[in-house]
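Okay, structure first, notes after.
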Amino acid sequence: MSAIIRKLIVQVDETRMEMGRPVNPPTRRAVAMAVIVNPFAGSYASNLEELMAIGEELGGLLGSKCVEALGIRPEQAQSYGKAAIVGEGGELEHAAAILHPKLGATLRKAVSKGAALVPSSKKIGGIGTAIDVPLGHKDAAFVRSHFDAIEARVADAPRANEIVVAIAVTDSGRPLARVGGLQSHEIKGEDGLR
């Protein structure tokens, strides 16, 4: 079954200056959000396969929207993350069903690879609730310069019977990163860690 999408939102955050210093090239983060109808709002279901299939659909759709918004080729994506806010008629497990079993595979296709786990967050919330979408390097979790987050929020969602699903993608790490650790040019990309 396909997701019933009420609204799609795509935003790009571009940092050009940090602590009075120019960031050149600017760091760019995109977040794409889908407000979907929760098919299980108001009732308990032991089988959440429908939400897993929706996650699979949204991983590719929202990942592609981010890549497009950044104006990059999929292989130029550097970091990714995912998050979901479930309206009060649902439960936290609904977010888990969307985010974990199948979403990652289609997101990885949208960003051309992605050996590292996709960082995630989830919560229950009402209309206007914000969530931080955690970010990590798509090919190597130990790249500290890419530990980051971007806030996702939809002014009129989630309603009680909805879920806000957010995917974030970047074309770089944090602005002026300098805390050491594995550098992007040192990535082997074999185990998702280094």
Subject >> Side chain to side chain, Lys102 and Glu49, heavy atoms closer than 4.5 Å >> reply: yes
Original post:
For the atom pair CG (Asn24) and CE (Met17), what is the distance rounded to the nearest 0.5 Å?
Top reply: 10.0 Å
Original post:
Within a radius of less than 6.0 Å around CD of Glu91, do more than 12 heavy atoms belonging to other residues, nucleotides or ligands occur?
Top reply: yes
Original post:
Between Glu14 and Arg16, is there a side-chain N and carboxylate O pair less than 4.0 Å apart?
Top reply: yes
Original post:
For the residue pair Ala96 and Pro101, what are the closest heavy atoms and their distance?
Top reply: O-CD, 3.5 Å
Original post:
Distance from Met52 atom CE to Leu103 atom CG, nearest 0.5 Å?
Top reply: 12.5 Å
Original post:
In the single-linkage hydrophobic clustering (I, L, V, M, F, W, Y; side-chain heavy atoms under 4.5 Å), do Val31 and Val164 co-cluster?
Top reply: yes
**OP:** Determine yes or no for a side-chain-to-main-chain donor-acceptor pair under 3.5 angstrom, with Asp132 supplying the side chain and Pro134 the backbone.
**Re:** no
Subject >> Beyond-backbone contact of Ile5 with Leu58, side-chain heavy atoms, under 4.5 angstrom >> reply: yes
Original post:
Given the rule that I, L, V, M, F, W and Y join up when any side-chain heavy atoms are under 4.5 Å apart, are Ile9 and Val169 in one cluster?
Top reply: no
Original post:
Taking a hydrophobic cluster as the set of Ile, Leu, Val, Met, Phe, Trp and Tyr residues connected by side-chain heavy atoms closer than 4.5 Å, whether directly or through intermediates, do Val67 and Leu135 fall within one such cluster?
Top reply: no
Subject >> Separation between CG of Asn161 and CZ of Arg6, rounded to the nearest 0.5 Å >> reply: 8.5 Å
Original post:
Counting N and O atoms only, with roles assigned by atom type, does the side chain of Arg178 sit under 3.5 Å from a partner on the main chain of Leu176, one being a donor and the other an acceptor?
Top reply: yes
Subject >> Shortest non-hydrogen separation from Thr27 to Gly173 and the atoms involved >> reply: CG2-O, 3.3 Å
Original post:
How about Ile163 and Ile54: do any of their side-chain heavy atoms sit closer than 4.5 Å?
Top reply: no
Subject >> Heavy-atom pair with the smallest gap, counting every atom of His146 and Ser79 >> reply: CD2-OG, 3.0 Å
Original post:
Does Lys123 use its side chain to pair, donor to acceptor, with the backbone of Ala130 at less than 3.5 Å?
Top reply: yes
Subject >> Val133-Leu8 co-clustered via ILVMFWY side chain contacts under 4.5 Å >> reply: no
Original post:
Side chains of Ile85 and Val154: closer than 4.5 Å at any heavy-atom pair?
Top reply: no
Subject >> Exam field: side chain Lys65 to backbone Ala30, donor-acceptor pair closer than 3.5 Å >> reply: no
Original post:
Are the side chain of Arg174 and the backbone of Arg144 linked by a donor-acceptor contact shorter than 3.5 Å?
Top reply: yes
**OP:** Please lay out, stage by stage, how Asn38 and Val86 fare under the test side-chain contact (heavy atoms from CB on, under 4.5 Å).
**Re:** CA-CA 8 Å; Asn38 182 351; Val86 179; 4.1 Å; yes
Original post:
Which atom pair, heavy atoms only, marks the closest approach of Val165 to Leu62?
Top reply: O-CD1, 3.6 Å
Original post:
Are any side-chain N or O atoms of Thr106 and backbone N or O atoms of Glu56, one a donor and one an acceptor, separated by less than 3.5 Å?
Top reply: yes
Subject >> Chi angles and distances behind the side-chain contact (heavy atoms from CB on, under 4.5 Å) call for Ile127, Arg159 >> reply: CA-CA 6 Å; Ile127 290 175; Arg159 296 172 182 167; 4.2 Å; yes
**OP:** Heavy atoms only: give me the nearest Pro175-Thr15 pair and the separation to one decimal.
**Re:** CG-CG2, 3.8 Å
Original post:
Looking at CZ of Arg153 and CD1 of Ile131, how far apart are the two atoms once the value is rounded to the nearest 0.5 Å?
Top reply: 13.5 Å
**OP:** Report the C-alpha distance between Ile36 and Ile98 in whole Å, list the side-chain angles of each, state the deciding distance to 0.1 Å, and finish with yes or no for side-chain contact (heavy atoms from CB on, under 4.5 Å).
**Re:** CA-CA 11 Å; Ile36 66 165; Ile98 286 175; 3.8 Å; yes
Subject >> Whether Lys7 side chain and Val35 backbone form a donor-acceptor pair below 3.5 Å >> reply: no
Subject >> Under 3.5 Å donor-acceptor, Asp171 side chain and Ala77 backbone >> reply: no
Original post:
Hey, is the main chain of Ala116 close enough, under 3.5 Å, to the side chain of Arg108 for a donor-acceptor pair?
Top reply: yes
Subject >> Residue pair His100, Lys82: steps toward the side-chain contact (heavy atoms from CB on, under 4.5 Å) verdict >> reply: CA-CA 9 Å; His100 298 303; Lys82 58 188 177 181; 3.7 Å; yes
Original post:
Considering all heavy atoms of both residues, which atom of Leu51 and which atom of Phe40 are nearest to each other, and what is their separation?
Top reply: CD1-CD1, 3.6 Å
Original post:
How far does OG1 of Thr170 sit from CG of Asp148, to the nearest 0.5 angstrom?
Top reply: 8.0 Å
**OP:** Flag the pair Met33 / Gln11 as yes when at least one side-chain heavy-atom distance between them is below 4.5 Å, and no otherwise.
**Re:** yes
Subject >> Distance, nearest 0.5 Å, that separates CD1 of Ile167 from CG of Leu107 >> reply: 5.0 Å
Original post:
So if you build clusters from Ile, Leu, Val, Met, Phe, Trp, Tyr with side-chain heavy-atom gaps below 4.5 Å, do Val111 and Val12 land together?
Top reply: yes
